[in-house]
Amino acid sequence: MTETVSLEQLLAAKEIVVTCGSGGVGKTTTAATLATMAAIHLGGKVLVLTVDPARRLANAMGLESFGNVETRVDSAALAAGGVEPRGELWAAMLDTKQSWDDLIVRHAPDAATRDAILANPMYKNVTGRFVQSHDYIAMERLYELHSSGVYDLIVVDTPPTRNALDFLEAPARMADFFSSRLLRWLLVPYRSRIVSVASKPFYQIADRILGSAFLQDIAEFFMLFQSMHDGFVERAKAVERVLGDRRTTFIVVSTLEPSPLREAEFFIKALQAKGLHLGGLVLNKVLPGYLLDPEVSAAADKLISAPKEVLSGLEAEQVAELGDRSTVARVLTEVGMSFRNFQLVGKREAEQRAELATAPEVMVSVPFFEDDIYDVAGLARMGEQIWR
Amino acid sequence: MGDLADDVLSRRLLFVTGKGGVGKSAIAAGLALLGSQQGKRTLACEVDAKGNLADFFEVVDVGFQPREVQPRLHVMSMNTEESLKEYLSLQLKLPLVARVGPLARTFDFIANAAPGVKEILTIGKLAHEVRERNYDLVVVDAVATGHIVGQLRAPQAINELVSVGLIRDQTDWMLDLLGDPATTGVVVVTSPEEMPVTESLELLDALQDTNVDVAAVVVNRVLPELFGRGEEEIFDALREPALVGALREAAGDKVDQVLEAAHLAVRLRRTRSRHLARLREGLDPTMPVFYIPELFTRADGLRATNQLAVALGEEIGY
């Protein structure tokens, strides 16, 4: 096996990149950066897809808005990063409701079934409101975009995790559900009026809890869905397969704060346990290394403990020009104190990094930027720090 | 709102949410600790099941059964299967939970596949604790901004689907409890950075789509003003090459980086004040806003949680 040493090499060999990690670590920005860098340096058509319910990516991409349909990012914006892009950058965001509707239209055996499902109250609620339907449809949409063959590389940004791998398990869970005996069991009374004695207590309890009208809605929903069963299960399995094979890699994103990093480690272990390809770890917002330099620290200490002495090293008129001597001394102390505050955070980060148990081959650090990245040029600037 | 809003802890059920990374769990822990210190029998509940909340009180093995970790402060971690079992044994008056084992498994299976069930079991358990007056205050370390609206809307959504039956009765009282601003409120945690502010404003807008009132906005990690009046000009002058040369002589060669770090702090604060201003502009002027300074603590833990409780207490006005 050839050694993978950079994100550039990693991405050159892949068709799907999934970024994962806890919320607020810069996952979306990282996904956008990777896609931008791939479009600039690797060429071809690169798509960044965000499945995050919050609309972050448009913001980071400098686009007003984009939806379920892919939008091309202006190549002039890419060139503003200083490099002539070799490829095209596209962006899309997941519209859960629209994606579900598209899926129904595709799989429904006939127009009547299609319309009945789209009008079913249960369907509307499931697709429009509930959190988990997001996970499945995200992976489904990724599969669809990938298999369309239009894009050479798709970078996906995953939703902030509640249960880290929920979204990965969604296709399998969906397939399980539609194959289940339980479901058929639930539907029995609505398929035939004859309910077996053995199953009676179950329906009585279900009826007491849910109410029969609701049960009927559910039954209708699932009965309609059953007509699409084979297509659905097959599809879910294909989604799962593509996530698991060598075309796909996972990049874990974190900061060096304790709780995101612990989640990142959990992610790494979970990916390994599932036999999924761990491409790398991107550490965001890493504070400058000089915070840990003992000589810098000594200089800060001097400013704090002996500001007047430091000032006496300066020429008298220099100090006078600055202002009142004791005020200048106070400023020096405050400068030193501020350093110490940040040093504390920097030390914590270094400890966290040292404690990292399993580190993937590719591990890159993105320096701390004081401002959020708000355009493609900014993404390219960030990218240059981690790409090679 | 009005007078109610003056004391966020007078409400009995608080859902603390925020974008990942802003310190949502830390603030939830701080609010719960403050509540207990104010003499309230308090329950802090984590719904993410990541085991984070326990760290803020330095305890391990927090499960579904609440544990008293500080005087009057109880901590639990949500588990929807346990919640369902409890519900079944309480509501259906089924004598033995063991007997509903297969039923519980069946429902757990549905809960995993059919969306909404987990949400309602989570909200239901918490609302139950409030309704039964088992606690004076229930603080929920809730799901992040992207998911909170879905979670809070679950009772409404299910209520619309189910027109009769036990579930309908259940969602009816839940909706009443969630919709009463004297009882229930959302606390939106943010930090003065671009994305957190943007998302918080979007969230506040989206929350109007639920029947739950917003109790307060907490701005975490506000950087302290580094310099007093007129001092920043002095700092800028000190960074001129001639003076840096002189300072190197006096304080050591690497004083440059000390100045650089301070400059970073100044720029950070400046950027953050811009985002803070944007947040204020987007907020209803009557909305209580609490500012929590960046604490530069060594680690998360009870000590840091205590500092947060103190800072929150000062802002609320205790």
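Chain A is the first sequence line, chain B the second, and so forth, proteins listed ahead of strands; every chain is numbered from 1.
Heavy atoms closer than 4.5 Å to chain B are found in the side chain of A:R330, but not in its backbone. Heavy-atom distances place both the backbone and the side chain of B:E260 under 4.5 Å from chain A. With a threshold of 4.5 angstrom between heavy atoms, A:L311 does not approach chain B through any atom at all. Contact annotation for A:P260: neither backbone nor side-chain heavy atoms come within less than 4.5 Å of a heavy atom of chain B. Looking at B:L203, neither its backbone nor its side chain comes within 4.5 Å of chain A, counting heavy atoms on both sides. Using a 4.5 Å cut-off between heavy atoms, B:E249 makes no contact with chain A at all.
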Should A:V335 and B:F227 be marked as a side chain to side chain contact (heavy atoms under 4.5 Å, CB included) after you check the CA-CA gap, both sets of side-chain angles, and the distance that decides it? CA-CA 9 Å; A:V335 166; B:F227 297 117; 3.9 Å; yes
Test side chain to side chain contact (heavy atoms under 4.5 Å, CB included) on A:D293 and B:K254 and set out the steps. CA-CA 9 Å; A:D293 185 334; B:K254 296 208 169 167; 2.6 Å; yes
Derivation and outcome, side chain to side chain contact (heavy atoms under 4.5 Å, CB included), residues B:L264 and A:F339: CA-CA 10 Å; B:L264 180 68; A:F339 178 85; over 6 Å; no
Checking salt bridge (charged side-chain N to carboxylate O under 4.0 Å, His left out) for the pair B:R221/A:E257: CA distance, chi angles, key distance, verdict? CA-CA 14 Å; B:R221 296 184 181 160; A:E257 291 162 291; 3.7 Å; yes
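Ranked by heavy-atom pairs under 4.5 Å with chain B, the list A:V296, A:T255, A:L291 is led by A:V296. The residue among B:A251, B:A206, B:A265, B:A237 with the most heavy atom pairs within less than 4.5 Å of chain A is B:A251.
How far CG of B:L238 is from CD of A:Q318: 10.0 Å, rounded to the nearest 0.5 Å. Rounded to the nearest 0.5 angstrom, B:E231 CD and A:D324 CG are separated by 10.0 Å.
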